[in-house]
Amino acid sequence: QVQLVESGGGLVQAGGSLRLSCATSGVTFSSYSLGWFRHDPGKEREFVAAISWSDGRTHYQGSVKGRFTISRDNAKTTVYLQMNSLNPEDTAVYYCAARSGRNLFTSSREYNYWGQGTQVTVSS
């Protein structure tokens, strides 16, 4: 059974940085892809970044490109989201998601497994 547990959220000032972690279990690393999404109340859940576990290919939403970096640690079976130059528009609950397949998936409907989320709040 696939389980995902996010951590690392918190309150940060604009311009600051946070690193989110997604600890996984039950994932077959050679054939899974993982993604980060975020949800701010009143808005739709939004794709942030995705990584193919098998070869490390990545894809980012335009507004975070150059500021956020998604990465994986095979030994720790953990996916990270390094977030730099944060601004108040990045405030949301951030979710880790996983699904089988080696492509990069950007729609929340394409993911089967979800973590519980971690709150990120950026103050101005």
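Given the structure is predicted, the values throughout are model-derived calculations rather than measurements.
- Expressed to the nearest 0.5 Å, how far OH of Tyr60 lies from CG of Leu104 amounts to 10.5 Å.
- Judged by the 6.0 Å and 45° rule, Arg102 forms no cation-pi pair with Trp53.
- Taking the six-membered ring for Trp and the full ring otherwise, the centers of Phe47 and Trp36 sit at least 6.0 Å from each other.
- By the criterion of side-chain heavy atoms lying less than 4.5 angstrom apart, applied directly or through intervening Ile, Leu, Val, Met, Phe, Trp or Tyr residues, Val79 is grouped together with Tyr113 in one hydrophobic cluster.
- Between the Thr91 side chain and the Thr121 main chain, no donor and acceptor come within less than 3.5 Å of each other.
- No cation-pi contact links Arg38 to Tyr95, judged by a cut-off of 6.0 Å to the six-membered ring centre and 45° from its axis.
- Proximity of Glu46 to His39: side-chain heavy atoms (C-beta onward) are nowhere separated by under 4.5 Å.
- Of all heavy-atom pairs spanning Ser124 and Ala14, the tightest one is CA-CB, 4.3 Å.
- Neither Phe37 nor Ile51 shares a network with the other; the hydrophobic side chains, linked directly or stepwise wherever heavy atoms of I, L, V, M, F, W or Y lie under 4.5 Å apart, form separate groups for each.
- Heavy atoms of other residues, nucleotides or ligands lying less than 6.0 angstrom from CD of Glu44 number 12 at most.
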- Message: Run Ser52 and Tyr32 through side-chain contact (heavy atoms from CB on, under 4.5 Å) and show every step you take.
- Response: CA-CA 7 Å; Ser52 175; Tyr32 265 69; over 6 Å; no

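- Atom CG of Leu81 sits about 9.5 Å away from atom OG of Ser21, to the nearest 0.5 Å.
- The closest donor-acceptor contact from the side chain of Thr78 to the backbone of Lys76 lies under 3.5 Å.
- One finds the CZ atom of Arg72 at 10.0 Å from the CD1 atom of Ile70 (value rounded to the nearest 0.5 Å).
- Contact annotation: the side chain of Asp90 approaches that of Arg67 to within less than 4.5 Å [non-hydrogen atoms, C-beta and beyond].
- Using bins of under 30°, 30° to 60° and over 60° for the plane-to-plane angle, the ring pair Phe68/Tyr94 lands in the tilted bin.
- Phe105 has its ring centre no less than 6.0 Å from the ring centre of His59.
- Residue Leu18 comes nearest to Gly8 through the heavy atom pair CD2-O, 3.9 Å, listed as atom of the first residue, atom of the second, then distance.
- In this structure, Ser33 contributes its side chain and Asn103 its backbone to a donor-acceptor pair below 3.5 Å.
- Between Gln116 and Val5 there is a side-chain heavy-atom pair separated by less than 4.5 Å.
- Although no hydrogens or angles enter the test, the distance criterion places no donor-acceptor pair under 3.5 Å between the side chain of Glu6 and the main chain of Cys22.
- With rounding to the nearest 0.5 Å, the separation of CG in Asn112 from CZ in Arg99 is 6.0 Å.
- Under a 3.5 Å cut-off, the side chain of Thr77 and the backbone N or O of Thr24 do form a donor-acceptor pair.
- Atom OG of Ser123 is separated from atom CG of Leu86 by 10.5 Å, given to the nearest 0.5 angstrom.
- Residue Ala50 comes nearest to Tyr111 through the heavy atom pair CB-OH, 3.8 Å, listed as atom of the first residue, atom of the second, then distance.
- Here CD of Gln82 is found 9.0 Å from CG of Leu20. Values are rounded to the nearest 0.5 Å.
- Nearest heavy atom pair, residue Cys96 against residue Leu34, reads SG-CD2, 4.2 Å.
- Summarising the geometry of Val120 relative to Gly9, their closest heavy-atom pair is CG2-CA, 4.1 Å, with the distance given to 0.1 Å.
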